[in-house]
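First up is the structure itself, then whatever we jot down about it.
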Amino acid sequence: MTRSVPPVSPSVSITPQAVYHNRRTILKLLGLGAAALATGCTSQAAPPVPVPETPRRAGTLAVSRRTDDAGGEAQTPYPDATQYNNFYEFGTGKSDPATNSSRFKPRPWSLEIAGHAEKTGRFALEDILAGQPLEERIYRMRCVEAWSMVIPWLGFPLANLLKRFAPTSRAKYVAFTTADRPAQMPGLADRILDWPYREGLRLDEAMHPLTLLVVGMYGRELPNQNGAPLRLVVPWKYGFKGIKSIARIEFTEQQPRTAWNVAAPGEYGFYANVNPAVDHPRWSQQTERRIAGTGFNLFGNRITTQPFNGYAEQVAHLYAGMDLRKYF
Ligand code: MTE
């Protein structure tokens, strides 16, 4: 049973401006499973991938504003952004999500809203999106594995949605959970992570105007492998904070447990702000491999990683007084 969604508040304005060197091996070392372990993803020779069906143009999704928040940098070609992915529910290889997600059904979809808010319940996606103007925002995306892309997302500020449910004063964090559908997500058979995938943000991070709830990319609906029908994009944080195929949002008082932080707390912090000064225990974070037509080229296009992925001016104040080496 879905409920009717609180209406979009007219007062909500759109603010202009969203290596793995073998993660599988460390997970195995940690006793967390991971079946086939070979080389790390970045050094994997990519097998040819069938080009996935191109999703519908988001023609019905009127775009109200377009903003370049990547300083004019060239966009990553669509085939790279949709065939070089991390979505472990469909496998751990970079091409697995495109290959293995065709059985996943992003419609019909509902979103459960729970926790410390005046309005909670289960809501149909159509109602969540009704009356919600969409924006295109071009953001840099930096994966913790030290590769990066520039992607034009279609979505709207997460704050617009959260405000509609009127979080109470006890809401200090927002916890997100991905859909848990073993029949449609073959990767769930491997206990690589403590499924379902979970992520979280502090409430002020969630309410920041750069934080985007995304329904499309490159002018089209999100392909399954990129997190259809609804995903998070937080451009100043490592990509693993960008949880895909969100089924549940909960307002919590305590810092929520997150899938990667539970799996390897010494490697993947709750904050996960992009920070070239804090190395991953097994690799440097000072540079990144910008994927732009070179696809799976390990050494090409090395560029310097920027603090907060280049969004420091907008977000550094959120962490004033915090030791970001400790709260990484
Ligand atoms: N969300 C879910 N549910 N499962 C995942 O495995 N991987 C994360 C994030 N969201 C992941 C996820 C990681 S590690 C990254 S880098 C980004 O998705 C990748 O997004 P992309 O494939 O669209 O580039």
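For the numbers below, each heavy atom of this structure counts, side chains included, while hydrogens, waters and symmetry mates do not. Order of appearance sets the numbers: ligands from 1, and atoms from 1 within every ligand.
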Find out if a path of hydrophobic residues (ILVMFWY) with successive side-chain heavy-atom gaps under 4.5 Å connects Tyr271 to Phe328. no

Between ligand 1 and Gly242, is the shortest N or O to N or O distance under 3.5 Å?
yes

Do Trp147 and Tyr84 have ring centroids that are under 6.0 Å from one another?
yes

Next item on the list: Looking only at distances, please establish whether an N/O atom of ligand 1 is found under 3.5 Å from an N/O atom of Trp153.
Entry: no

Point to revise | Residue pair Thr287, Arg302: steps toward the side chain to side chain donor-acceptor pair (under 3.5 Å) verdict | key: CA-CA 6 Å; Thr287 63; Arg302 278 258 157 220; 3.1 Å; yes

- Below 3.5 angstrom, do we get any N/O pair linking Asn85 and ligand 1? yes

Do you reckon Tyr319 sits in the same ILVMFWY cluster as Val278, going by side-chain contacts under 4.5 Å, direct or chained? no

Next on the checklist: With a 4.0 Å cut-off on heavy atoms, is Met141 in contact with ligand 1?
Outcome noted: yes

Note: Glu89, heavy atoms under 4.0 Å from ligand 1, region reported as side chain

The atoms of ligand 1 lying under 4.0 Å from a heavy atom of Cys143, numbered in the order shown, are 16 (S)

query: Between Asn86 and ligand 1, is there a nitrogen or oxygen pair with a distance under 3.5 Å?
result: yes

Could you check whether any heavy atom of Arg231 sits closer than 4.0 Å to an atom of ligand 1, since that is the contact criterion I want to use? yes

message = With a 6.0 Å cut-off on the ring centroids, do Tyr268 and Phe240 count as close?
response = yes

Filtering Tyr268, Tyr197, Trp260 for the heavy atom nearest atom 5 (C) of ligand 1 leaves Tyr197

By salt bridge (charged side-chain N to carboxylate O under 4.0 Å, His left out), Arg202 pairs with (sequence neighbours left out) Asp204

Note: ligand 1 atoms sitting under 4.0 Å from heavy atoms of Thr178 are 3 (N)

Check: Which class fits the ring pair Phe90 and Phe104: parallel under 30°, tilted 30 to 60°, perpendicular over 60°?
Finding: perpendicular

